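In what follows, a single structure is set out as structure tokens and then discussed.
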Amino acid sequence: MASFTLHGIPVSRGIAIGRAHLLASAALDVKHYLISEEQVEAEVQRLQNAIAAVHQELQAVWRELPPDAPAELGAFIDVHALILSDPMISEMPLDIIRSRHYNAEWALLTQIDELSAQFDEIEDTYLRERKNDIQQVGERVLKVLTGTASTLAGLASSPDSTAHMIVVAHDISPADMLQFRDRAFAGFITDLGGQNSHTAIVARSLDIPAAVGMYNASALIAQDDWVIIDGDAGVVIVDPPPVVLEQYRERQARMLRERKKLSRLKKTPAVTKDGTEITLLANIELPQDCAAALEAGATGIGLFRSEFLFMGRAGYANRLPTEDEQFESYKMAVTAMKGRPVTIRTLDIGADKPMDNAEETALNPALGLRAIRYCLAEPQMFMAQLRAILRASAFGPIKLLIPMLAHAFEIDQTLNMIEQAKAQLREANRKFDPQIQIGAMIEIPAAALALPLFAQRLDFLSIGTNDLIQYTLAVDRVDHEVAHLYNPLHPAVLFLLSTTIAAGAKAGIPVSVCGEMAGDTKLTRLLLGMGLREFSMHPAQLLSVKQEILNSDLTVLVPKTRKILRLMEANAINEAMEQLRSA
Ligand code: PEP
Ligand code: MG
């Protein structure tokens with residue numbers, strides 16, 4: 001067979017080489033037939049039994065989640081449980097059996113196709129991607145109905161054969177991804193999915209090369225074909241000629257050697273050639289992630305996205321985490337970090353991170369009642385979180401970080417509520433750190449442009465470049481159709497970043513960057529040249545960034561960065577960035 005190349009969306013870095021293992025879509029095997037009136041109730045019962053079996057299956061996956069499972073997985077399983085309980089899945093197909101006399105599989109598939117079509121109409125990319133969750137749940141039920149064993153179960157029994165296996169599927173559910181994580185599989189390719197699909201998020205947190213959004217890869221690639229995934233470029237090469245295979249093997253070996261070498265830097269202090277100390281912190285989603293942060297040599301947590309404790313609880317858990325539950329999670333994180341600072345960001349729910357049980361009514365959720373706006377509108381819930389964080393501060397150094405602030409009155413209202421929470425704890429004789437530091441995310445352009453409002457009121461600032469870019473350029477960060485406009489090197493973004501860092505230094509208030517820019521080695525020197533001294537990123541990125549820092553000389557970088565900040569044209573900026581990287 002001739003070699004061919006497919007292009008999709010890169011979601012998880014690295015190179016994977018192996019033989020294709022195709023995961024069949026259960027939907028393809030479904031039988032369609034009409035049943036008689038007498039068979040209707042038996043058919044209804046058959047479908048109800050299958051739904052109940054999948055409920056149990058999900059509960060079992062939930063119970064067996066290893067303590068170090070990626071933060072998002074529990075939430076994903078809950079989303080699937082919730083979908084399964086929804087009358088759209090649990091009742092409507094039963095009506096179809098009764099009214100149209102379809103067999104159970106056909107009735108379920110009809111309903112899923114109907115729902116999928118409705119989801120296709122939705123403009124919001126994130127919501128549109130949830131169609132995949134519905135299809136994955138439907139496939140689970142179909143598998144039980146058709147008696148097909150889980151498509152992954154067979155793989156689980158033969159570890160050796162999967163050593164160089166590339167999974168190729170129309171789609172993979174996050175729960176199924178979990179079953180892959182203990183296996184030595186090399187990478188995965190899916191037809192569906194975007195940068196922000198659940199499966200992509202899990203792949204990134206597992207650090208497995210992956211490419212998604214490959215359209216009909218699962219139809220074009222045959223079982224056991226040799227496949228190369230270039231996870232950095234989103235390119236898949238099928239049946240590569242020997243010379244290409246050899247090149248990629250060399251590249252892969254080189255990357256592995258480099259990563260191994262990097263691990264030696266774990267204890268090396270992050271100091272530039274001219275002797276400037278840099279602080280490298282980790283971003284985490286759940287307290288369990290502290291282990292990876294320590295393993296990477298992080299000197300603290302720069303961003304604990306506390307919303308992951310709140311998301312996906314509408315299924316089995318069925319409620320928001322209580323003050324005590326939150327307290328235990330925050331305490332677990334600060335204890336795990338053994339005296340290193342832990343920056344806990346208060347609930348940043350909304351936009352692309354909806355709470356499952358929150359009805360999304362905003363016309364434009366990214367500009368709606370998200371993050372601190374939502375918290376100030378829900379004072380009871382916010383006070384419970386503040387008390388939980390404060391209580392945990394008795395067990396180690398905690399900093400409080402507030403997302404999405406823009407107005408002075410929002411800062412004042414938040415500070416007031418923190419004081420109230422402290423007063424309540426004093427009254428209840430609960431211990432906390434009375435000197436707890438309070439900081440703001442700078443992620444709305446208005447905040448960056450009115451920085452004195454923040455510097456006068458707060459102890460530290462953390463720049464959220466993910467949102468700062470989105471709001472500065474008016475580019476939805478999860479919409480692949482405008483992804484080409486999402487440019488961290490736009491002069492307006494560079495202006496806001498550099499002026500915020502400089503203003504922080506002038507006011508004597510620490511400034512960090514905790515958005516994705518902090519973990520991108522292509523940007524490390526630029527940020528150093530702007531004066532950034534504190535970087536917070538995913539643990540997997542930390543040692544590469546450290547290496548870049550060790551090779552940097554600020555006396556060279558600062559003047560070169562100043563020149564870049566005066567440029568306006570993209571070509572000139574890109575050229576100057578190349579020079580900066582080789583400086
Ligand atoms: C950011 O906006 O850069 C950030 C760190 O927060 P999040 O990605 O959670 O919105
Ligand atoms: Mg943000």
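Atoms within a ligand are numbered from 1 in the order they appear, just like the ligands themselves. Here the structure is a predicted model, which means the values were calculated and not measured.
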Select one of side chain, backbone, both or neither to describe which atoms of [X] lie under 4.0 Å from any atom of ligand 1, heavy atoms only.
X    : answer
R345 : side chain
M441 : side chain
I463 : neither

(request) Could you check which N/O/S atom of D467 is closest to the Mg ion (ligand 2)? (result)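 Of all N, O or S atoms in D467, the Mg ion (ligand 2) lies closest to OD2.
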(request) Considering just N/O/S atoms, say which atom of E443 is closest to the Mg ion (ligand 2). (result) OE1
(request) Report yes if R305 has an N/O atom closer than 3.5 Å to an N/O atom of ligand 1; otherwise report no. (result) yes
Hey, which atoms in ligand 1 end up nearer than 4.0 Å to a heavy atom of [X]?
X    : value
L303 : 5 (C)
C514 : 5 (C)
G464 : 1 (C), 2 (O), 3 (O)
E443 : 1 (C), 2 (O)

(message) Distance alone, cut at 3.5 Å: any donor-acceptor contact between the side chains of S552 and T272?
(response)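 There is no such pair between these side chains.
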(message) Could you tell me if R391 sits above the aromatic ring of F432, with its cationic atom closer than 6.0 Å to the ring centre and no more than 45 degrees from the axis?
(response)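 Judged by the rule (NZ or CZ under 6.0 Å from the ring centre, within 45° of its axis), R391 is not positioned above F432.
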(message) F495 and side chain to side chain contact (heavy atoms under 4.5 Å, CB included): which single residue from T472, L449, T500, L565 fits?
(response) L449
(request) Test side-chain contact (heavy atoms from CB on, under 4.5 Å) on D348 and R370 and set out the steps. (result) CA-CA 7 Å; D348 183 3; R370 63 170 287 202; 3.0 Å; yes
(request) Say whether, by atom type as modelled, one donor and one acceptor occur between the side chain of Y330 and the main chain of P287 under 3.5 angstrom. (result)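 No; zero donor-acceptor contacts below 3.5 Å.
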(message) Between S393 and D433 (side chain of the first, backbone of the second, donor and acceptor by atom type, cut-off under 3.5 Å), is there such a pair?
(response) yes
